[in-house]
Amino acid sequence: MTENVWQRWPSREALSGAGVHRARYALTLVSRVLAVGILLVATFKDSDLHGWGIAAAVLSVLACGFGAWGFTRTTLDHRLLPSLGLLALLFAVASVAHGVGFRAPALVLWCVCGVIAMERLPLMAALPAACAALGAYAAVNHDGPLSTVATTGGIALAGYVLRLDAEARGSTQRLLTQERAARAAEAESAALAERARIAREIHDVLAHSLSAQLVHLEAARLLIEGGGEKDQVLDRVVAARRMAREGLAETRQALSALRGELSPLEEFLSELVAESDGADVTVAGERRLLPAEVSQAVRRVAQEALTNVRKHAPGAKVRIRMEYGLHEVTLRVRDSGAPSGEFTHTGAGYGLLGMRERAELLGGSLEAGPYEEGFVVMLKVPV
């Protein structure tokens with residue numbers, strides 16, 4: 001439900017003066033002090049006060065200062081009745097001052113009451129209060145009717161302009177606060193996303209490497225307990241050691257990728273197939289620099305696919321094709337199947353499942369399954 005404009009207070013940011021430049025604040029403060037000082041000096045110089053009269057005048061000045069300060073605080077807290085009470089106090093001081101002969105201070109104080117009422121109160125209270133204050137000013141002012149109307153109208157307009165200026169400044173402050181909060185939330189979200197990316201990279205590497213080591217070490221333990229031959233046990237230990245080395249190398253590569261220190265993708269694939277007998281790589285399309293996450297996804301899928309070939313189809317021929325498309329990059333890893341004719345389906349393994357999730361996070365897809373006599377892994381990632 002929209003708040004009634006007549007009942008709406010100026011915002012706290014507007015009433016607090018938040019966002020006011022220091023130079024403007026200092027200039028306003030000095031101007032007010034000078035104006036009040038000149039007015040008081042002129043008033044006391046032209047008056048004939050002695051004894052209790054001086055004390056009463058000082059008390060009146062103090063009452064005005066207290067009323068103005070209190071009015072600022074109560075309007076800042078959006079408390080209507082106390083604000084109207086303090087405004088009435090200022091109005092009463094002006095009336096008493098006029099009654100005892102201080103005409104100029106009374107006129108100034110009535111004008112101030114009209115301005116601050118228009119500037120700081122809800123319009124339903126500001127208009128009657130301003131009309132009362134400026135009406136009192138017009139009633140005792142000796143200027144002509146036209147001049148009096150122009151003066152009171154100008155004072156009321158000045159108060160309303162100050163209100164609009166404060167509201168505009170308050171809106172700017174609120175927008176600035178919201179923008180800062182949005183930037184802080186964006187930075188926090190980016191940090192969380194980066195942490196998730198780091199965790200995913202390290203998790204993929206360690207989960208693959210450690211699980212493979214565990215398999216070999218467990219096999220070595222069973223061979224030792226069953227009195228297996230030394231060569232068999234040694235083969236398992238050597239395999240576990242090789243997996244540990246590969247896992248360490250992959251971890252370093254992942255950390256380098258996170259730091260933006262990736263080697264060219266084509267070079268990485270060439271080095272990868274050089275480590276595998278019977279593997280070759282083909283790169284098609286216009287080569288270009290890929291985002292770090294896309295490049296890392298291609299590397300991890302290629303590694304996982306070759307590892308599966310070594311595990312489930314040792315000795316098979318492997319063909320890797322990397323293709324740069326207009327809007328996506330495609331990696332295809334296909335093997336010819338195990339020479340013995342035996343083949344174990346690997347598409348449901350944890351490694352390829354993790355790669356599929358990685359591809360989906362990047363808006364791509366990963367398909368893996370039997371193809372002719374072998375197995376094929378197809379990765380597509382948009383760029």
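These figures come from a predicted structure and were not determined experimentally.
Interatomic distance, L234 CG to Q232 CD, rounded to the nearest 0.5 Å: 11.0 Å. Within the model, atoms CG of L80 and CE of M124 stand 5.5 Å from one another, a figure rounded to the nearest 0.5 Å. Rounding to the nearest 0.5 Å gives a distance of 9.5 Å between CG of L162 and CG of L157. Separating the CZ atom in R236 from the CG atom in L217 is a distance of 10.5 Å, to the nearest 0.5 Å. Taking CG of D235 as the start and CG of L223 as the end, the distance is 9.5 Å to the nearest 0.5 Å.
Y371 places a side-chain heavy atom less than 4.5 Å from the side chain of R334. Counting heavy atoms from C-beta outward, V376 and R332 have side chains that approach closer than 4.5 Å. Using a 4.5 Å heavy-atom threshold, the side chains of M322 and T282 count as separate. Contact of the M118 side chain with the L127 side chain is registered, since non-hydrogen atoms from C-beta on lie closer than 4.5 Å. Counting heavy atoms from C-beta on, the side chains of V233 and K230 never come closer than 4.5 Å. Using a 4.5 Å heavy-atom threshold, the side chains of R299 and L265 count as touching. In this structure, E167 and P10 have side chains that are in contact, with non-hydrogen atoms separated by less than 4.5 Å. Side-chain contact between H327 and P382 is absent, with no heavy atoms from C-beta onward closer than 4.5 Å.
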Run D280 and V273 through side-chain contact (heavy atoms from CB on, under 4.5 Å) and show every step you take.
CA-CA 6 Å; D280 60 50; V273 298; 5.8 Å; no
Going through the distances and angles, do L290 and Y324 end up as a side-chain contact (heavy atoms from CB on, under 4.5 Å)?
CA-CA 10 Å; L290 300 177; Y324 290 94; 4.0 Å; yes
Evaluation steps, side-chain contact (heavy atoms from CB on, under 4.5 Å), between L123 and R163
CA-CA 10 Å; L123 289 178; R163 180 192 189 95; 3.9 Å; yes
Please determine whether salt bridge (Lys or Arg N to Asp or Glu O under 4.0 Å) holds for the pair E218 and R221, giving the CA-CA distance in whole Å, both sets of side-chain angles, and the decisive distance to 0.1 Å.
CA-CA 5 Å; E218 182 66 16; R221 183 185 68 82; 2.4 Å; yes
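Nearest approach of A68 to L90, heavy atoms of both residues: N-CD2, 4.1 Å. Across all their heavy atoms, A117 and A130 have their closest contact at CB-N, 4.3 Å. Taking each heavy atom of R288 and E328 in turn, the nearest pair found is NH2-O, 4.4 Å. The minimum heavy-atom distance linking A305 with V333 is given by the pair CB-CG1, 3.6 Å. Listed here is the closest heavy atom pair of Q213 and A244: NE2-CA, 3.4 Å. Residues A220 and V237 approach most closely at CB-CG2, 4.2 Å, considering heavy atoms.
For the side chain to side chain contact (heavy atoms under 4.5 Å, CB included) test with T75, the passing option among L86, L121, L87 is L121; the others fail. Of the candidates Q303, E304, Q296, Q303 is the only one forming a side chain to side chain donor-acceptor pair (under 3.5 Å) with R300.
Connection of V161 to V115 is not established within any shared hydrophobic cluster, with ILVMFWY side chains joined at heavy-atom distances below 4.5 Å, either directly or through further cluster members. Note on V383 and L366: same hydrophobic cluster, where clusters join Ile, Leu, Val, Met, Phe, Trp and Tyr whose side-chain heavy atoms are under 4.5 Å apart, directly or indirectly. Both V301 and V283 are assigned to one and the same hydrophobic cluster, defined by single-linkage of ILVMFWY side chains at heavy-atom distances under 4.5 Å. Residues L361 and L379 do not share a hydrophobic cluster, defined by chaining ILVMFWY side chains whose heavy atoms lie under 4.5 Å apart. Side-chain heavy atoms closer than 4.5 Å link hydrophobic residues (I, L, V, M, F, W, Y) into clusters, and following such links, even through other members, never connects V215 to V238.
Between D77 and R73, none of the side-chain N atoms (NZ, or NE/NH1/NH2) sits under 4.0 Å from a carboxylate O, so this pair counts as no salt bridge. A salt bridge does not link E360 to R356: none of the charged nitrogens lies less than 4.0 Å from a carboxylate oxygen. Note on R321 versus E323: salt bridge recorded, some NZ/NE/NH1/NH2 to OD/OE distance being below 4.0 Å. Using a 4.0 Å cut-off between charged side-chain N and carboxylate O, K317 and D335 make no salt bridge.
E286 CD: 12 or fewer foreign heavy atoms inside a 6.0 Å radius. A 6.0 Å sphere centred on CD of E186 holds no more than 12 heavy atoms belonging to other residues, nucleotides or ligands. For L289, the CG atom counts as loosely surrounded, since its 6.0 Å shell holds 12 or fewer non-hydrogen atoms of other residues, nucleotides or ligands.
The aromatic rings of W110 and F91 sit tilted relative to each other, their planes meeting at an angle between 30° and 60°.
Judged by distance alone, with hydrogens and angles left aside, the side-chain atoms of R319 form no donor-acceptor pair with the main-chain N or O of A279 at under 3.5 Å.
Checking R174 against S171 by side-chain atom types alone, a donor-acceptor pair falls below 3.5 Å. Looking at S83 and R79, their side chains never bring a donor and an acceptor atom within 3.5 Å of each other.
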